[in-house]
Amino acid sequence: MEITVLDPRTGDEVSKIPITDPSSCAQAVARARAAAPGWARTPAAERAAALTKAAAAVRAAAEELAELNERETGKLRDDALGGVDAGAGTLVQYAELGPLHRGRSLHGSWSATDLMVPEPRGVVAVLTPWNDPVAVAANLLGAALVTGNTVVHKPSERCPATGRRFAELLAGQLPDGVLEILDGDGSVGAHLASAADVDVVAHVGSSATGRSIARVCAERGAKTVLENGGNDALIVDAGVDPRWAAEQAALGAFANAGQICVSVERVFVVESLAEAFLDELASEARAWDDRIGPLVDGRQRDVVQAQVADAVANGARVLAGGAPRPGPGAFYPPTVLADCTPEMLVFREETFGPVAPVRVVPDFDSAVREAADDRYGLAATVLTADMAHAQEAWRALPVGTVKINDVFGGAPGGASQPRRASGNGFGFGPELLDEMTEMKVVHIAPPGS
């Protein structure tokens with residue numbers, strides 16, 4: 001069996017990639033298991049040096065990686081180059097953090113020594129998505145490798161060439177078996193999740209896949225690190241500039257054609273600002289029309305259109321966009337929907353496309369209450385000039401990240417834990433080093449004590 005990848009701009013075939021068979025999957029896991037003791041014993045500084053060299057190799061191949069990404073996913077070239085740069089920077093960050101990752105000493109008796117020492121967990125299966133294939137993979141691979149784990153990596157079947165080439169650049173700086181690369185679809189990921197010699201499964205992708213991985217790993221006692229779907233809310237409070245609010249909403253909903261894990265998926269606007277905000281947002285959508293590329297493929301375009309059609313059938317008004325562009329490719333225009341209700345698919349499910357569904361609410365408290373009533377828990381944004389409202393919102397919203405007045409803001413090195421259907425565990429930042437290790441308590445006492 002094989003995977004056929006089509007250019008989402010033209011529909012032309014890009015490549016055919018064979019799906020790794022179960023026997024070859026098992027062999028890759030076995031090689032990673034065999035390499036694990038030696039890599040764990042490699043000094044942390046040497047592991048870090050390998051990541052630093054890998055980062056340089058990634059930067060040298062930036063144009064190649066960006067072109068592959070553009071052809072496979074439709075990502076704009078500048079965005080693709082930005083993802084490569086971010087990925088290389090992440091590898092350097094973990095190269096710097098890895099040797100500093102430390103345990104603790106405990107205060108016991110005078111004659112004894114008590115330690116808490118972090119150790120690598122063993123073999124980590126890393127399953128990464130297509131929407132930012134270099135940056136996301138660099139995060140999980142970098143943290144796993146620098147802490148002394150070996151890795152079996154399966155990139156998304158929607159960008160297999162991009163994912164494989166990036167991983168090859170890392171593997172070229174590592175001993176044999178430390179980083180194994182597999183091509184394939186969900187069947188390969190399922191094999192890795194159930195493999196007895198895989199100690200950790202780190203997955204970024206859909207909630208349905210994440211739930212399946214969690215069930216399988218729970219049965220055999222393996223650890224999971226999951227960042228899955230989100231249904232992120234944007235709350236627009238009274239008293240803010242409607243044009244600025246619309247710019248923030250458009251950025252959150254339309255950047256990368258809405259295909260970002262923390263894209264804005266639901267917009268709640270207070271009634272007193274609603275008319276001006278909707279006018280500005282519709283204008284922003286039209287301005288964004290030539291700023292975005294296609295969706296990743298026709299299948300994703302069909303999902304977006306089905307959700308928009310459901311909303312319109314149930315009373316939503318289309319203020320901009322609302323239907324696929326004619327001609328080849330998987331293009332979908334920036335779309336604004338008014339009069340949305342919580343029962344509509346665009347409000348209940350992650351759309352992962354350039355759609356801003358808007359619900360008008362009577363006041364800020366109603367917006368917070370409705371935004372919190374959701375099965376996902378990835379992130380949310382609040383636009384407000386009232387600091388009391390800001391304080392109340394970040395306390396009340398049950399998500400891993402709350403951004404006040406900045407839809408894509410955040411300090412370097414930040415980390416968060418997705419909640420509920422959005423996953424579990426720290427998926428980035430220094431805390432990811434803790435996820436990739438387990439603590440061993442050591443008590444050393446003299447003989448006869």
Legend entry - NZ/NE/NH1/NH2 to OD/OE distance under 4.0 Å, Arg375 and Glu349: yes
Inset, instruction - With the side chain counted from C-beta on, respond yes when Asn256 and Ile292 share a heavy-atom pair under 4.5 Å apart, and no when they do not. - result: no
Legend entry - Sidechain-backbone polar pair: Arg359 side chain, Phe268 backbone, donor-acceptor under 3.5 Å: no
Legend entry - Electrostatic pair Arg395:Glu392 at N-O distance under 4.0 angstrom: no
Legend entry - Donor-acceptor contact below 3.5 Å, side chain Thr437 vs main chain Pro120: no
Inset, instruction - For the pair Ser366 (side chain) and Pro362 (backbone), establish whether a donor and an acceptor sit closer than 3.5 Å, ignoring hydrogens and angles. - result: no
Inset, instruction - Drop me the distance from Asp183's CG to His153's NE2, to the nearest 0.5 angstrom. - result: 9.5 Å
Inset, instruction - Flag the pair Leu68 / Arg165 as yes when at least one side-chain heavy-atom distance between them is below 4.5 Å, and no otherwise. - result: yes
Inset, instruction - Check Val303, Val308, Asp310 against Leu345 for a side chain to side chain contact (heavy atoms under 4.5 Å, CB included) and give me the one that passes. - result: Asp310
Legend entry - No-hydrogen, no-angle side-chain donor-acceptor test under 3.5 Å, Thr209 and Ser212: no
Legend entry - Distance in Å, Glu350 CD paired with Gln307 CD, rounded so as to fall on 0.5 Å steps: 9.0 Å
Legend entry - Exam field: side chain Arg266 to backbone Asn231, donor-acceptor pair closer than 3.5 Å: yes
Inset, instruction - Assess the side chains of His101 and Asp434: does a donor N or O sit below 3.5 Å from an acceptor N or O? - result: yes
Inset, instruction - Start with the C-alpha gap between Glu435 and Arg121, add the side-chain angles, then the distance that decides, and say whether salt bridge (Lys or Arg N to Asp or Glu O under 4.0 Å) holds. - result: CA-CA 9 Å; Glu435 301 283 0; Arg121 290 182 177 271; 5.7 Å; no
Legend entry - Closest approach of Val146 to Leu51 (non-hydrogen atoms, all atoms of both residues): CB-CD1, 3.7 Å
Legend entry - Separation between CZ of Arg301 and CG of Asp297, rounded to the nearest 0.5 Å: 9.0 Å
Inset, instruction - Compare every heavy atom of Ala385 with every heavy atom of Gly239, then report the nearest pair and how far apart it is. - result: O-CB, 4.3 Å
Inset, instruction - Taking atom types as modelled, find out whether Thr147 and Asn149 have a side-chain donor-acceptor pair closer than 3.5 angstrom. - result: yes
Inset, instruction - Identify the two heavy atoms, one from Leu383 and one from Gln248, that lie closest to each other, and give their separation to 0.1 Å. - result: CD1-CB, 3.8 Å
Inset, instruction - Take Arg164 and Glu168 through the test salt bridge (Lys or Arg N to Asp or Glu O under 4.0 Å) and record every step on the way to the result. - result: CA-CA 6 Å; Arg164 171 167 279 279; Glu168 286 174 345; 3.5 Å; yes
Legend entry - Interatomic spacing from OG1 in Thr73 to CG in Leu76 - rounded to 0.5 Å: 9.0 Å
Legend entry - Residue pair Lys403 / Val262, side-chain heavy-atom distance below 4.5 Å: yes
Legend entry - Taking every non-hydrogen atom, the tightest pair across Thr20 and Val188: O-CG2, 3.6 Å
Legend entry - Salt-bridge contact Arg325-Asp289 (side-chain N to carboxylate O under 4.0 Å): yes
Legend entry - For Ala32 against Val151, the heavy-atom pair lying closest together: CB-O, 4.5 Å
Legend entry - Polar contact flag, side-chain donor to acceptor under 3.5 angstrom, Thr384-Asp237: yes
Inset, instruction - Can you label the angle between the Phe364 ring and the His389 ring as parallel, tilted or perpendicular, going by 30° and 60°? - result: parallel
Inset, instruction - Can you measure from CG (Leu226) to CD (Gln417) and round to the nearest 0.5 angstrom? - result: 12.5 Å
Inset, instruction - Sequence neighbours left out, what pairs pass side chain to side chain donor-acceptor pair (under 3.5 Å) with at least one residue falling in residues 127-145? - result: Tyr94-Asn139
Inset, instruction - Look at Glu72 together with Arg158 and state whether they make a salt bridge at an N to O cut-off of under 4.0 Å. - result: no
Legend entry - NZ/NE/NH1/NH2 to OD/OE distance under 4.0 Å, Glu63 and Arg77: yes
Inset, instruction - Not counting sequence neighbours, list each pair that qualifies as a side chain to side chain donor-acceptor pair (under 3.5 Å) and has a residue in residues 334-348. - result: Arg317-Asp339, Thr341-Glu343
Legend entry - Shortest non-hydrogen contact from Ala415 toward Phe428: CB-O, 3.1 Å
Inset, instruction - Would you mind checking if Arg243 and Glu247 are paired as a salt bridge, meaning a charged N to carboxylate O distance below 4.0 Å? - result: yes
Legend entry - Derivation and outcome, salt bridge (Lys or Arg N to Asp or Glu O under 4.0 Å), residues Asp85 and Arg59: CA-CA 7 Å; Asp85 185 62; Arg59 285 201 167 101; 3.7 Å; yes
Inset, instruction - Report yes or no: does Thr401 contribute a side-chain atom to a donor-acceptor pair with the main-chain N or O of Ala379 at less than 3.5 Å? - result: no
Legend entry - CH2-CZ distance between Trp288 and Arg291, expressed to the nearest 0.5 angstrom: 5.5 Å
Legend entry - Side-chain donor-acceptor contact under 3.5 Å, Tyr332 with Gln305: yes
